[in-house]
Amino acid sequence: MTHTLFITQLADIFAAHQIKTNDAARPYHTDERNRYHLAPLAVVLPHSTAQISRLIKLCAAQNPPVAVIAQGGNTGLVGGCAVLPDCPSILLNLSQLNRVIEIDPLNQTATVDAGVTLQALHDALKPYQLIFPLTLASQNAATIGGNLATNAGGTQVLRYGSMRDLCLGLEVVLADGSVWDGLNTLRKNNTGYDLKHVFIGAEGTLGVITRAVLKLFPAPLHRVCALVACNDLKSILDTFSTIKSKFDQQLTAFEYISANAFDLVCTQFDITPPLEAAPEYALIELASSLPLDNGAFETALDTLLHVNVLQNAAIAHNEQQSAQFWRIRELISAAQKKLGKNIKHDISLPISSINAFCNATYAALQQAYPMIEPTVFGHIGDGNLHFNVSRGGAFADADGLMACEPQINAIVYRFVAQFHGSISAEHGIGLLKRDLLPTVKSDVELRLMRDIKQQFDPQNIMNPHKILP
Ligand SMILES: Cc1cc2nc3c(=O)[nH]c(=O)nc-3n(C[C@H](O)[C@H](O)[C@H](O)COP(=O)(O)OP(=O)(O)OC[C@H]3O[C@@H](n4cnc5c(N)ncnc54)[C@H](O)[C@@H]3O)c2cc1C
């Protein structure tokens, strides 16, 4: 079936420069991991909620209806924006809906369009000595709408929570084109079901988020950052436990970096390692709007060195050195990308099970594929590991590794289940993990999820066939 008339009707809603097809559309329908490439009927870049509403009404009126795939920065890692075969779709890119509408310093809230990038929001807040704490290595491109739709996490969840905890209100265009104005700015509002939580983490399958009210926090004026090295993962976890119990809310990040990940970044980006080689590393950050007790932090690290939990530690003496430490953590995904395709597992586990999980999973992977190379890192203070697997010496090339992806996933996810973890900590389900969902959700949960989808999107036009098989 051709959609010539439909494409013509798009021109009633959008100016020519807001509609991209053919070569101009390609960057939008090639995903971050270069796994999905199918073209939509067109990419459209709306400037207003009203345009989005009209578009959705037009898509819903087609016979059969045209699917609407919302897109922010296209940095998602699970194929959430992928166009599916036999499913005529419009890719609705929100990057031009990008105004910071209001910053209310007294209420400590920001109201923003969904297409504002996370970095742009950080920049807009600088004059107010306020922060929006979500921090991701992808924040130059990732948008607030995408962050909400994936319930993004990042490096500061330990202190501030994930996107679900940071949002007060939403505006959403629903599957029939009507607009729900839920731009609540109240911190207390117990008036029935909290509808925003239906859309947060729904990956665009229930509606298009067009605006949001977000919580702000005082900018930490004092910060101290340390890079530490240990002989084993158990010592990294012991260090976390000690620092968390001593510094509690001041601990804003505790990031784990395995030697493979650390060495990869230093090699790929020509960085002189700031510490002697060790099997495991962690990046620790304390931050507060009140002065920090740096002496107490040094003493805590000294004690851990003395009892051999830590093998080495370096405290950043200034912002520049701190940024150098963070750069190593933030470049891990980019370093892996430079090396070629790898298999990613964004998983979470009870923190108390991480060590046993890693030991069991490494052993099983090595047995199945000797010399395979797990490149593991992540927000270990939240129990979140990026358990990525590179080919190492086990495969001649990345294609060989990728051909074994189902078997490697099966090994990793078997142990995730055994240790009561989750197959998706922060990246979502999208298309990539969709068919795994029935293996991790009960029949009751799946039925409730399908009922919600049916209620909000009876024609199945909002990012269809994502999340739910
Ligand atoms: C280098 C790198 C580091 C990363 N680090 C992290 C990390 O630490 N933590 C983390 O959680 N993620 C991380 N990610 C993943 C990604 O950046 C996040 O998932 C991010 O929130 C996606 O935002 P986006 O605007 O790019 O969304 P997109 O990729 O454009 O879309 C993602 C999903 O959200 C839906 N969507 C997008 N916008 C809307 C909207 N307005 N309304 C409804 N649905 C919408 C899409 O349909 C899709 O299903 C990282 C990615 C990269 C490349």
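Order of appearance sets the numbers: ligands from 1, and atoms from 1 within every ligand. Along the sequence shown, the residues carry numbers beginning at 1. As a basis for the values below, the full set of heavy atoms in this structure was taken, side chains included, without hydrogen atoms, waters or symmetry mates.
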Enquirer: Can the ring centres of F415 and Y362 be said to be less than 6.0 Å apart?
Expert: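 No, the ring of F415 stays outside the 6.0 Å limit from the ring of Y362, centre to centre.
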Enquirer: Would you kindly say whether S178 and D176 are connected by a side-chain donor-acceptor distance under 3.5 Å?
Expert: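 Indeed, the side chains of S178 and D176 share at least one donor-acceptor pair under 3.5 Å.
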Enquirer: So which residues, sorted by chain and number, lie with a heavy atom under 4.0 Å of ligand 1?
Expert: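 Residues within 4.0 Å of ligand 1: E32, A70, Q71, G72, G73, N74, T75, G76, L77, G80, C81, L94, A114, L136, A137, S138, A142, T143, G145, G146, N147, A149, T150, A152, G153, G154, E203, G204, G207, V208, I209, S333, H379, E426, H427, N463.
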Enquirer: Report yes or no: is the cationic atom of K338 (NZ for Lys, CZ for Arg) under 6.0 Å from the centre of the six-membered ring of F269, at an angle within 45° of the ring normal?
Expert: yes
Enquirer: Could you go through R35 and E405, starting from their C-alpha distance and side-chain angles, then the distance that decides it, and tell me whether this counts as salt bridge (charged side-chain N to carboxylate O under 4.0 Å, His left out)?
Expert: CA-CA 13 Å; R35 293 180 77 117; E405 187 176 24; 2.8 Å; yes
Enquirer: Report yes or no: do H427 and E203 form a side-chain donor-acceptor pair below 3.5 Å?
Expert: no
Enquirer: Does a side chain donor of either D451 or Q455 reach within less than 3.5 Å of an acceptor in the other side chain?
Expert: no
